[in-house]
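Everything below concerns the one structure shown next.
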Amino acid sequence: MAKQSAGLLVYRRRKGAIEVLLAHPGGPFWAKKDRGAWSIPKGEFTEGEAPLDAARREFAEEIGQPVPAAAAGGFIALTPVKQPSRKIVHAFAIEGDLAAENIQSNLFEMEWPPHSGRMQSFPEVDRAAWFGLAEARERLQKGQLPILEELIARLTR
């Protein structure tokens, strides 16, 4: 079975426009990447864990803040999307707000530099930010664009 992950696409309305919260992956591989590198806060889950539960857990781990209190309507289940890696992402959208500059991500360890034998810790997410839809399309990883496009279609119906 393909690996699966689940995440939350938090959105807010500012001055009549929609903005989405995106997370920049931490670690040395992503350090100098920007356009096309950002993601919704998400992570893998195993069989037996409900995708929405996993999305909420991963959000709390990567952002270090509780999931924003749901506005009217609550979570919007979006169509699962197969990534270029063949991983399937289950995304849920929710309207809310939070201070993106105050994230506190959990850490992961990896050997760095490669083949050095030295383990270092890095945040899973090194920063988060709110983006308008046009900029979000440029920043988001290509495989996650259908998630954003579906949210836009649902909100502008």
Side-chain angles (χ1 to χ4, degrees), residues 1-13 18-31 33-34 36-112 119-131 133 136-137 139-155 157:
M1 179 174 216
K3 288 186 178 183
Q4 299 188 83
S5 66
L8 294 181
L9 180 54
V10 179
Y11 67 95
R12 67 183 183 185
R13 300 168 200 266
I18 298 167
E19 296 179 338
V20 294
L21 180 75
L22 299 180
H24 186 271
F29 177 78
W30 297 101
K33 294 178 168 81
D34 189 58
W38 294 66
S39 175
I40 66 170
K42 65 171 183 50
E44 290 186 10
F45 67 98
T46 56
E47 193 173 325
E49 184 177 19
L52 180 56
D53 292 342
R56 293 170 64 104
R57 174 182 47 76
E58 287 293 332
F59 186 90
E61 289 176 2
E62 293 188 354
I63 301 300
Q65 297 180 41
V67 174
F75 291 98
I76 302 168
L78 302 171
T79 306
V81 175
K82 186 181 280 189
Q83 301 299 282
S85 66
R86 304 199 340 184
K87 181 185 291 184
I88 297 171
V89 176
H90 300 262
F92 300 86
I94 187 167
E95 186 171 4
D97 201 357
L98 58 80
E101 64 277 7
N102 292 338
I103 70 157
Q104 292 188 320
S105 181
N106 60 334
L107 302 174
F108 71 94
E109 268 197 356
M110 67 180 284
E111 182 181 15
W112 191 258
M119 299 300 285
Q120 291 192 51
S121 293
F122 300 96
E124 276 197 61
V125 169
D126 60 18
R127 63 190 183 277
W130 290 99
F131 295 105
L133 298 179
R137 283 182 178 107
R139 304 264 183 159
L140 195 59
Q141 293 175 16
K142 179 179 64 172
Q144 294 178 33
L145 281 171
I147 295 167
L148 178 63
E149 296 302 336
E150 182 178 354
L151 175 65
I152 293 166
R154 287 182 174 218
L155 295 178
R157 277 189 200 144

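Residue numbers run from 1 in the order of the sequence given.
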**Request:** Taking all heavy atoms of Phe75 and all of Leu8, pick out the closest pair and write down the distance.
**Result:** CE2-CD2, 3.7 Å
**Complete:** All heavy atoms of Pro25 vs all of Ala37, minimum pair found to be CD-O, 3.2 Å
**Message:** Suppose we screen for side chain to side chain contact (heavy atoms under 4.5 Å, CB included). Which residues come up paired with Phe29, at least two apart in sequence or across chains?
**Reply:** Lys33
List the atom pairs, with distances to 0.1 Å, where a side-chain N or O of residues 60-69 and a protein N or O form a donor-acceptor pair under 3.5 Å, not counting sequence neighbours.
| unit_1 | atom_1 | unit_2 | atom_2 | d |
| --- | --- | --- | --- | --- |
| Glu62 | OE1 | Lys42 | N | 3.2 |
| Gln65 | NE2 | Ala99 | O | 3.1 |
| Gln65 | NE2 | Asn102 | O | 3.4 |

Under 3.5 Å, which donor-acceptor pairs do the side chains of residues 87-94 form with other protein atoms, sequence neighbours left out?
| unit_1 | atom_1 | unit_2 | atom_2 | d |
| --- | --- | --- | --- | --- |
| Lys87 | NZ | Glu44 | OE2 | 3.1 |
| His90 | NE2 | Gln4 | OE1 | 2.6 |

**Prompt:** Looking at Ile152, Leu133, Ile76, Asp97, which one forms a side-chain contact (heavy atoms from CB on, under 4.5 Å) with Tyr11?
**Reply:** Ile76
**Request:** Find out whether Leu140 and Phe131 are in side-chain contact, i.e. whether some heavy atom of one side chain is under 4.5 Å from a heavy atom of the other.
**Result:** no
**Item:** Atom of Gly27, atom of Phe108 and distance for their closest heavy-atom approach
**Value:** CA-CZ, 4.1 Å
**Message:** Give me the atom names and distance for the closest heavy-atom approach of Leu9 to Leu21.
**Reply:** CD1-O, 4.2 Å
**Prompt:** Pro84 versus Gln141: any side-chain heavy-atom pair under 4.5 Å?
**Reply:** no
**Request:** Only counting residues at least two apart or in another chain, list the ones meeting side chain to side chain donor-acceptor pair (under 3.5 Å) with Glu58.
**Result:** none
**Message:** Rounded to the nearest 0.5 Å, what separates atom CD in Gln120 from atom CD in Glu109?
**Reply:** 9.5 Å
**Fill in**
Result for side-chain contact (heavy atoms from CB on, under 4.5 Å) between Leu148 and one of Ile40, Val20, Leu22 points to Val20
**Message:** If I compare all heavy atoms of Phe45 with all of Pro51, which pair ends up nearest, and what's the gap?
**Reply:** CZ-CG, 3.8 Å
**Prompt:** How would you list, by chain and number, every residue that makes a side chain to side chain donor-acceptor pair (under 3.5 Å) with Asp126, sequence neighbours excluded?
**Reply:** His24
**Prompt:** Do Arg154 and Leu78 touch side chain to side chain, with heavy atoms closer than 4.5 Å?
**Reply:** yes
**Prompt:** Would Trp30 and Val125 count as a side chain to side chain contact (heavy atoms under 4.5 Å, CB included) if you check the C-alpha gap in whole Å, the side-chain angles of each, and the deciding distance to 0.1 Å?
**Reply:** CA-CA 10 Å; Trp30 297 101; Val125 169; over 6 Å; no
**Complete:** Sequence neighbours excluded, the answer for salt bridge (Lys or Arg N to Asp or Glu O under 4.0 Å) partners of Asp34 is Arg127, Arg139
**Asked** So do the side chains of Val81 and Gln144 get within less than 4.5 Å of each other, counting heavy atoms only?
**Response** no
